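What follows is a set of notes on a single structure, which appears directly below.
The analysis underlying the following values was restricted to heavy atoms, covering all of them including side chains, and did not include hydrogens, waters or symmetry mates. Everything numeric here is computed off the predicted structure, so don't read it as measured data. Order of the sequence lines sets the chain letters (A, B, ...), proteins ahead of strands, with each chain counted from 1.
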Amino acid sequence: MARIGVFICHCGENISATVDVKKVAAAASRIPGVAHSVEYKYMCSDPGQQMIKNAVREKNLTGVVVAACSPRMHEPTFRRACAEAGLNPFLCEMANIREHCSWVHEKSDATTNKAIDIVRTLVAKVKKNKALLPIKVPVTKTALVLGGGIAGIQASLDIANAGHKVILVEKQPSIGGHMSQLSETFPTLDCSQCILTPRMVEVAQHPNITLHSYSELESLDGFIGNFKARIRKKARSLDEKLCTGCGLCTQKCPTRKIASEFDAGLGLRPAIYVPFPQAVPNKPVIDREHCTYYLKGKCRLCEKICPTQAIRFDQEDEILEVEVGAVVLATGFDIKHGDFFPEYGYGKYKDVIDGLQFERLASASGPTLGEMRRPSDGRVPETVVFVACAGSRDPAKGIEYCSKICCMYTAKHAMLYKHKVHHGRPYVFYMDIRAGGKMYEEFVRRAQEVDGVQYIRGRVSRIYERGGKLVVKGADTLLGARPMEIEADLVVLATAGVANAGAEELAQKVHVSYDPYYFYSEAHPKLRPVETNTAGIFLAGACQAPKDIPESVAQASGAAAKVAGLFSQSELVREPLIAVVDRQAPPLYSTCVGCFLCQAACPYQAIEKEEIRGRDGRLIKTVAKVNPGLCQGCGTCVALCRSKSIDIQGFSHEQVYAEVLALLNRGESDV
Amino acid sequence: MKTGFYPGCSMKGSAREYSESLLAVSQALGRELPEIPDWNCCGATAAHNLDRDLALALPARILAAAEKDGMYEVLVPCAACYSRLSVTRHELLGDEDLRRKISGLIEADYRGTARVLNIVEWLGGIPDLESKVRKPFAHKVACYYGCLLVRPAGIVNFDRPEEPRSMDLLMKKIGADPLDWAFKTECCGAGFSVSRTDLVARLSGLILDDAVQRGAEAVIVACPMCHLNLDMRRPNIEKLAGKKYNIPVIYITQALGLAMGIEPKKLGLQRHKVKVKFTQGLAKPPAASITPASAKPTAGAKSASGDSPAEAPFAGPSAKRGA
Ligand SMILES: Cc1cc2nc3c(=O)[nH]c(=O)nc-3n(C[C@H](O)[C@H](O)[C@H](O)COP(=O)(O)OP(=O)(O)OC[C@H]3O[C@@H](n4cnc5c(N)ncnc54)[C@H](O)[C@@H]3O)c2cc1C
Ligand code: SF4
Ligand code: SF4
Ligand code: SF4
């Protein structure tokens, strides 16, 4: 005979303000099989958990229903409490009367009755629950880090220094990410390359790190501790082992007029190239879209010139298969380009540029060698207008968030300009100045007060050319929204920080969720900021939201700590909520008819074939079997099986029917 | 499945030529445009400053009448009316209580089934417009969208709100050369046409000045209000600017009509204050002799390139035409 305990939580007032909890407790006590029914202000608190533990022991409970918040929130808490009292944790269920009831309805009898209904279904279910044992799985102590910007670099180094193996995959020919493009960095104005390149070199030389540059993830299968990744190493068109990085080929390649990605389109590069001199690895790639040989079948100059005969025109992409225990996503961000600002003439006027282009103009390694010269005619701009919030915080542009980094880099840009052109006139149009951070506000003030940058609070409505000048039309809202025009020589738009173009595709490959802007979602916005909702996959850097370097690095170290914590265990425990195929005594052995529809349907390749043999070794039948290590409990196979031979433990047919029946047959126990 | 036509007040009065040219064009295209039966004023600039219910009820009554008449879309050529009708539809479809309330006020169940189209959308939806062109409108034009045709973006949801191009594309289809200019969506002074002519003169003056400086031969408009300010208020504009602008202001339907070979009279071209000398359809001067399209004005040029310098700019005092 079942002896179920029902524990109803007020959740402060979250539940009790709209649901009559006393009535629910009373109604629950009348459900057949319920041996104990109480309500309490905070069930998840220590005294609340103690109530459950005591009742389990004293009343000899065979099952527990906690009617409270979502199981996503506290199921582990209550299951642990039950386990501590000696009850199998899988005999504890949660009835969600908060998210599914009190939060979405007004206070009324109907609301209370719905809460009672929810409790009744879960009581019916828990009566059919079976004690389950958690599944133990081994941990592969190698981490896969995707993205070699500063976040990926930091995460790799931290994990490697904790003694674990790291496979770092970077899409571009070199690691470094956006930070490698920056000139100097706020708030200290130290040179970006100078602080970044030593770390890049450390990555390349670290014995625990394997770097795959110019590579991308093809697919990821498996689960925490046991992922299988396929990595596409794109053809560099040369043998990396033979290439010494002497650079002769890149100097001699006759196809030289290709817009350099690294210089944000302001400089040129050859068809065989290294993105920048400090690149890691310092080995070129051939850009097949532009190389004369691939286009016209002639040239092969680099091949002739290479002293080590490293060039391989016929090289093909290579697919590597690796096993890893954890994944860190550190694929970074991008800024808005192109057609986004037709009213600002971005893409139309050469002297309307974005922040990254300005970084390249200001950088000593940039196309002007750090001299402040505008792209159109190479003249030194006398008046420069910086437009903050270009696209950000603008619902009309579809981007409602603040990009967070641009107030700071705009102040930096105006300052750098003034340091290079002493007589220049920098103006900044802004909405608000967001300079929260250590030494940040002081930095912006320095731009205003020491370097004399003119800050104008107002938006720019339009930019157009008139008589060789760029007319910037805006308003000064601190002077009564006075319309104003500035004739500028150069305009720099702090365009919105956005997710990478490939962010969504990657998220779907690795099964993590993302927000409406394609930034990856953390598991909890406050308490689990470096984890995703997929166990074993962590986040670092600007792929989660626009971030500056210090924040990206901090999160990367956080993610690395999580990975190291995971790798400190020799085995992982998984919930046994997986599919099982029916097994019976002879002569039936199993209701499975061996059609293997389930095998084709399973998205995780978890279904295998098992041969059932008699004592004499004779094959009796071939039936399906679920690999408990691979099954994710999605239930696809259950829905497909025509002989109803597969069930999900914890969500069996029997349990779900019991729930439905409980809803249909309201007994006399009801109010 | 018919498309209704909401003329609104100005197309029956001050902007008669807009209506005439639209109907001439639609007839030539073989598209019927029945007027919405028993239509009323949309409330225009006044109602929504005074009374929200009234501002919604007036357009809702129009749209309800169209729905009742089986119209599944309504062409609203005036940008101001278009804005009122679009905003009303948007607000009522997004708020069931409000929809019921306004339906009560107008004593008709407004359902929101009829789509509201502006002139550019309607023309843009006509397949193969290029094939209807008899005499390519080979002129440099400045397409002026004004404030209301493409905004607010969230409601009209048509073209880019700050740098629209749909009218430019239509102009290309009829052989014109739409210029890249800076005042496509700047305000002309709109409803202040009567009360603050000084303001209108300044704002509209800036618009004309940029168009002329960039070598436009005509400003193309899709709104009676814009036309009124840029054309009828020309004396005020010129007085304030201290210079003459001879550039004509032409409705998009008139330009299309000319390209389709419709007689200028049928398009109401003679009604403009600033005379239009694109008389392609007429016997008089062939197009080539009037428009020195290649003439590039110098910065601060006194006269527009599209005009023969000797031509007297005006037909007469604005009072003559009365709205
Ligand atoms: C104009 C500008 C100026 C700035 N100035 C400063 C400053 O002065 N100070 C400061 O603190 N911050 C500054 N920032 C912010 C700084 O650039 C970011 O904080 C930092 O780059 C974030 O690092 P990340 O590694 O998360 O991302 P990223 O730098 O974007 O690196 C991501 C890396 O992942 C790679 N990648 C992308 N997708 C994949 C994939 N699918 N597979 C494999 N690899 C992939 C990319 O190629 C890239 O190498 C500035 C930003 C901008 C735009
Ligand atoms: S010439 Fe050969 S060795 Fe030198 S960088 Fe090029 S590929 Fe490498
Ligand atoms: S073969 Fe291609 S990469 Fe090599 S030198 Fe010629 S153009 Fe450059
Ligand atoms: S950080 Fe500053 S410039 Fe960037 S979006 Fe936020 S407020 Fe605008």
_Validation row: A/K473, B/E186 side chains within 4.5 angstrom (heavy atoms)_ = yes
*Between B/D180 and A/K348, is the closest basic N to carboxylate O distance under 4.0 Å?*
yes
_A/E106 atom CD, over 12 foreign heavy atoms within 6.0 Å_ = no
*Tell me, yes or no, whether the heavy-atom count around A/K469 atom NZ, taken from other residues, nucleotides or ligands under 6.0 Å, exceeds 12.*
yes
*Check whether more than 12 heavy atoms from other residues, nucleotides or ligands sit under 6.0 Å from atom CD of A/E505, and answer yes or no.*
no
_If you count every heavy atom of other residues, nucleotides or ligands that lies below 6.0 Å from A/R457 atom CZ, does the total exceed 12?_
yes
_Within this structure, what is the OH-CZ distance for the pair A/Y464 and B/R214, rounded to the nearest 0.5 Å?_
7.5 Å
*Minimum heavy-atom distance between B/E162 and A/R462, given as atom pair plus value*: O-NH2, 2.6 Å
